[in-house]
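Computed from a predicted model, the values in this text were never measured in an experiment.
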Amino acid sequence: MADSAVRVRIAPSPTGEPHVGTAYIALFNYLFAKKHGGEFILRIEDTDATRSTPEFEQKVLDALKWCGLKWSEGPDIGGPYGPYRQSDRKDIYKPYVEKIVENGHGFRCFCTPERLEQMREAQRAAGKPPKYDGLCLSLSAEEVTSRVAASEPHVVRMKIPTEGTCKFHDGVYGDVEIPWDAVDMQVLLKADGMPTYHMANVVDDHLMKITHVARGEEWLASVPKHILIYQYLGLEPPKFMHLSLMRNADKSKLSKRKNPTSISYYTALGYLPEALMNFLGLFFIQIAEGEELLTVEELAEKFDPENLSKAGAIFDIQKLDWLNARWIREKLSEEDFAARVFVWAAENDRLKEGLKLAQSRISKLGELPDLAAFLFKSDLGLQPAAFAGVKASPEELLEILNTVQPDLEKILEWNKESIEAELRAIAERMGKKLKAIVAPLFVAVSGSQRSLPLFDSMELLGRAVVRQRLKVAAQVVASMAGSGK
RNA sequence: GCGCCCAUCGUCUAGCGGUCAGGACGCCGCCCUCUCACGGCGGUAACACGGGUUCGAGUCCCGUUGGGCGUACCA
């Protein structure tokens with residue numbers, strides 16, 4: 001391996017709260033770069049214009065920074081191969097797509113989403129794998145020209161060999177063979193003029209001189225498409241490594257419904273970034289015996305990318321907790337510890353805003369902890385008794401919690417105004433008074449009936465923590481309903 | 001459905017033909033101790049199943065079962 005030339009990247013999509021899975025893949029790339037003395041680059045993949053937002057991008061950057069993963073090139077600091085945000089690179093992709101079309105490796109497709117949906121429906125019904133049927137492949141050159149001239153919406157698809165298999169080597173999976181007939185005629189350029197992931201990814205990795213692509217295993221099946229695009233463009237593909245995904249306790253892909261997956265959740269609860277990295281790093285390093293408390297530097301030393309498991313490992317928060325505890329007591333000096341606590345308490349203005357909210361509600365300063373502690377607690381220790389003052393049956397409570405939880409996910413920008421608006425809408429929809437909705441939420445979020453204003457508190461706690469508390473509350477309430485309280 | 005992949009204690013894993021199947025988290029017990037933690041010591045618990053191959057299989061092969069991922073104008 002030409003160590004000096006190693007360049008790897010993390011390429012997150014800013015379509016939601018920063019995910020621990022992103023940190024997991026980022027850490028792998030970071031360790032890989034560190035191990036080989038290479039460069040670690042950040043690129044924002046926001047080709048999905050409908051879901052990407054600048055706010056999420058900022059959060060992703062902040063979260064990765066919090067993790068301590070420093071990139072040497074990125075949208076915030078620039079670099080020799082910028083810009084590092086795909087939406088800013090829109091014009092860069094055009095010539096590459098054109099080249100593929102001109103060389104007859106791609107074609108324009110005018111099929112509507114509705115037609116494609118029907119087509120796939122029919123294929124599924126017939127027990128066949130859904131694939132583009134190639135309708136627009138047979139369009140005459142004249143027809144294509146005239147329809148393009150009439151600015152009819154269309155996409156560009158890539159052609160796929162009709163027989164044979166795609167063979168390639170993967171750093172984790174070894175030699176892989178995927179038959180071409182299992183590969184669809186992937187869209188390369190969307191109707192809005194934005195490239196798809198596949199197109200943008202290949203062009204950018206080439207232009208940014210990426211040597212090793214390490215990403216989640218969900219991409220393995222797409223490698224043939226990528227290799228083909230490299231071929232069509234006359235480019236040399238990088239080395240691929242597909243990492244096993246972290247799992248929920250039930251082995252499914254780690255998801256926010258079943259686990260706290262938001263990095264901000266771990267920040268809010270007072271996990272140390274070092275501990276989180278330590279924990280994630282353990283997925284890449286097999287410790288047969290001996291010390292598991294490791295810094296990123298130590299992880300890099302022990303890191304062996306040749307020896308990785310293909311089985312997805314379950315995200316075990318208990319082990320994270322153990323590591324975090326050890327980091328707190330063994331790795332921080334008294335001064336460091338105190339400094340961390342202050343920084344943590346001040347995070348997101350929790351302390352300052354919390355005090356403001358509390359001022360009008362206490363008669364003695366000593367009441368403050370009882371009133372505001374829920375802003376800082378990692379576990380409310382919620383008991384069924386806490387709901388005693390709420391006039392609703394367990395079944396009603398459960399219905400409210402289960403309705404509110406998914407609806408809060410729809411809020412784009414998390415602040416007290418949007419939260420209030422959403423809750424009012426829910427109340428109306430359920431035919432209940434706002435108060436009937438808010439009362440149980442109040443308990444779920446704060447753990448008591450006397451506390452700080454709900455909407456403000458929810459904003460301060462952040463979406464991830466609120467999500468988790470509602471989930472816990474739903475469990476508590478469900479146990480009440482189950483026991484026939 | 002089809003394609004690819006995976007399979008050792010509850011969880012993370014070591015093992016690369018011969019081990020009392022090792023370590024770590026968790027859990028339990030004991031010790032330490034003004035409480036609680038921490039720490040120390042000990043315990044609990046696994047080779048998914050069925051066929052082969054072999055003197056010998058957790059380790060190799062085949063099948064079954066279970067699970068995962070993919071199958072988008074999302075990444």
Side-chain angles (χ1 to χ4, degrees), chain A residues 11-16 19 21-22 25 44-52 86 108-117 119-120 123-132 153-157 165-166 170 172-174 176-201 215-225 242-254 279-293 307 309-326 328-330:
Chain A
S13 290
T15 56
H19 196 280
T22 304
I25 302 291
I44 293 294
E45 308 226 325
D46 57 350
T47 53
D48 184 349
T50 61
R51 293 198 305 148
S52 303
Q86 289 182 329
R108 295 181 201 281
C109 171
F110 300 88
C111 294
T112 62
E114 293 73 37
R115 187 188 102 75
L116 294 172
E117 190 43 51
M119 178 196 76
R120 292 195 189 102
Q123 288 166 333
R124 260 189 285 267
K128 295 207 186 322
K131 263 172 71 178
Y132 181 62
H154 65 279
V155 301
V156 172
R157 287 179 184 274
T165 62
C166 177
D170 183 271
V172 177
Y173 284 78
V176 180
E177 288 189 32
I178 296 177
W180 284 117
D181 69 13
V183 182
D184 201 3
M185 289 177 253
Q186 182 66 50
V187 170
L188 298 180
L189 193 69
K190 301 189 254 191
D192 66 359
M194 209 60 115
T196 56
Y197 166 86
H198 306 279
M199 187 68 210
N201 199 258
R215 75 244 282 198
E217 72 177 344
E218 74 266 32
W219 293 111
L220 187 69
S222 302
V223 172
K225 293 171 189 170
H242 288 87
L243 277 21
S244 56
L245 266 9
M246 291 187 293
R247 309 284 184 82
N248 297 309
D250 64 3
K251 292 267 185 191
S252 57
K253 183 159 93 170
L254 192 63
F279 174 68
L280 296 179
L282 256 19
F283 286 117
F284 305 128
I285 291 156
Q286 288 73 45
I287 307 284
E289 275 177 50
E291 188 55 87
E292 292 182 287
L293 189 70
N307 187 22
S309 168
K310 278 178 269 194
I314 286 164
F315 186 90
D316 179 13
I317 292 182
Q318 284 189 321
K319 186 126 185 182
L320 206 209
D321 285 351
W322 172 74
L323 278 171
N324 203 59
R326 289 196 61 195
I328 287 175
R329 75 175 93 92
E330 294 178 38

Practice prompt. Find out whether A/Arg247 and A/Leu254 are in side-chain contact, i.e. whether some heavy atom of one side chain is under 4.5 Å from a heavy atom of the other.
Written response: no
Worksheet entry | Residues in ring-ring contact (aromatic ring centres under 6.0 Å, His included) contact with A/His19, at least two apart in sequence or another chain | none
Worksheet item: Can you give one letter per nucleotide of nucleotides 69-75 of chain B, going 5' to 3': B for a protein heavy atom under 4.0 Å from the base, S for sugar-phosphate only, - for none?
Response: SSSSBBB
Fill in: With A/Arg326 via salt bridge (Lys or Arg N to Asp or Glu O under 4.0 Å) - residues at least two apart
A/Glu291, A/Glu330
Fill in: Set of residues satisfying side-chain hydrogen bond (donor to acceptor under 3.5 Å, both in side chains) with respect to A/Asp170, sequence neighbours excluded
A/His242
Can you pull every protein N or O that's under 3.5 Å from an N or O on nucleotides 58-60 of chain B?
none

Worksheet item: How many Å lie between CD1 on A/Ile314 and C1' on B/G68, as a whole number?
Response: 11 Å
Fill in: Any residue meeting side-chain hydrogen bond (donor to acceptor under 3.5 Å, both in side chains) with A/Asn307, in chain and number order, not counting sequence neighbours
none
Worksheet item: Which residue pairs pass the side chain to side chain donor-acceptor pair (under 3.5 Å) test when at least one of the two sits in residues 178-195 of chain A, sequence neighbours left out?
Response: A/Gln186-A/Lys225
Fill in: Separation between the P atoms of B/C55 and B/G50, rounded to whole Å
22 Å
Worksheet item: Who pairs with A/Arg215 by salt bridge (Lys or Arg N to Asp or Glu O under 4.0 Å), at least two apart in sequence or on another chain?
Response: none
Could you list the donor-acceptor pairs under 3.5 angstrom formed between side-chain atoms of residues 282-289 of chain A and any protein atom two or more places apart in sequence or on another chain?
none

All N/O contacts under 3.5 Å from nucleotides 19-22 of chain B to the protein, with atom names and distances to one decimal?
{"from": "B/G22", "atom 1": "O2'", "to": "A/Glu289", "atom 2": "OE2", "distance (Å)": "2.9"}
{"from": "B/G22", "atom 1": "N2", "to": "A/Ala288", "atom 2": "O", "distance (Å)": "3.0"}

Worksheet, complete the sentence: Nucleotide by nucleotide, nucleotides 34-47 of chain B touches protein heavy atoms under 4.0 Å in the pattern (B base, S sugar-phosphate only, - none) ----SS--------
Fill in: Distance between C1' atoms of B/C69 and B/C30 (Å, rounded)
47 Å
Fill in: Listed partners of A/Trp219 passing ring-ring contact (aromatic ring centres under 6.0 Å, His included), at least two apart
A/Tyr197
